[in-house]
Amino acid sequence: TALTGSDQGVLTGGGVFYGGTFYESGASSTATATIYDGTAASGTVIAYISLAAGAVTNLSIANGVQVISGIYVDVGGSGTVAGSIYSAS
């Protein structure tokens, strides 16, 4: 699933989170992405990514993390987060 640069739901219901590719596309500010097992920015945090200006981070979880409620990405900081989330329902 492509990241939109804003907070977004990626999956509703049970599934598996395998990681993702994250980059700060504004190249001038820092940004964060907090990934939750849920449909909102609450519940269990399953990953947290911090990005410097223009940085790229790849997160790969070989066997994945089972989610119960869904996958939600909460974007923070003043930068812009782009990239993709890898998951299966």
Side-chain angles (χ1 to χ4, degrees):
T1 303
L3 293 173
T4 63
S6 302
D7 298 347
Q8 74 183 87
V10 173
L11 176 70
T12 301
V16 180
F17 171 70
Y18 290 102
T21 300
F22 305 86
Y23 66 95
E24 194 290 306
S25 61
S28 61
S29 298
T30 60
T32 61
T34 306
I35 297 94
Y36 292 90
D37 177 350
T39 56
S42 60
T44 303
V45 174
I46 55 176
Y48 177 83
I49 307 297
S50 181
L51 298 163
V56 176
T57 297
N58 292 301
L59 174 63
S60 178
I61 304 169
N63 295 318
V65 175
Q66 182 177 3
V67 296
I68 305 302
S69 301
I71 299 172
Y72 186 85
V73 179
D74 182 40
V75 175
S78 55
T80 303
V81 175
S84 297
I85 295 288
Y86 312 134
S87 65
S89 56

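In this text the structure is predicted, and so the values were computed from the model without any measurement.
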In Å and rounded to the nearest 0.5 Å, what is the CD1 to OH distance from I85 to Y18?
14.0 Å

Could you tell me which non-hydrogen atom of T80 sits nearest to which non-hydrogen atom of E24, and how far apart they are?
N-OE2, 3.0 Å

As an exercise, state the distance from OG of S84 to OH of Y23, rounded to the nearest 0.5 Å.
8.0 Å

Provide the closest heavy-atom pair for V81 versus A31 in the form atom of the first, atom of the second, distance.
CG2-CB, 3.5 Å

Looking only at heavy atoms, what is the nearest atom pair of Y36 and G43, with distance?
CD2-O, 3.9 Å

Quickly, which of I46, L11, V10 forms a side chain to side chain contact (heavy atoms under 4.5 Å, CB included) with F17? Name it, please.
I46

With F22, which of V56, N58, T32, L51 fulfils side chain to side chain contact (heavy atoms under 4.5 Å, CB included)?
L51

So how far is it from I71 CD1 to S89 OG, rounded to the nearest 0.5 Å?
9.5 Å

Would you please name every residue forming a side chain to side chain donor-acceptor pair (under 3.5 Å) with D7, sequence neighbours left out?
none

Does the side chain of T21 come within less than 4.5 Å of Y86's, by heavy atoms?
yes

Of T4, L3, T34, the residue whose pairing with V73 passes side chain to side chain contact (heavy atoms under 4.5 Å, CB included):
L3

All heavy atoms of A53 vs all of A27, minimum pair found to be CB-C, 3.8 Å

Looking only at side-chain N and O atoms, does S42 offer a donor or acceptor that is under 3.5 Å from a partner on Y72?
no

In Å, rounded to the nearest 0.5 Å, how long is the span from OG1 of T44 to CD1 of I68?
9.0 Å

Backbone of V67 reached by a side-chain donor or acceptor of D37 within 3.5 Å:
no

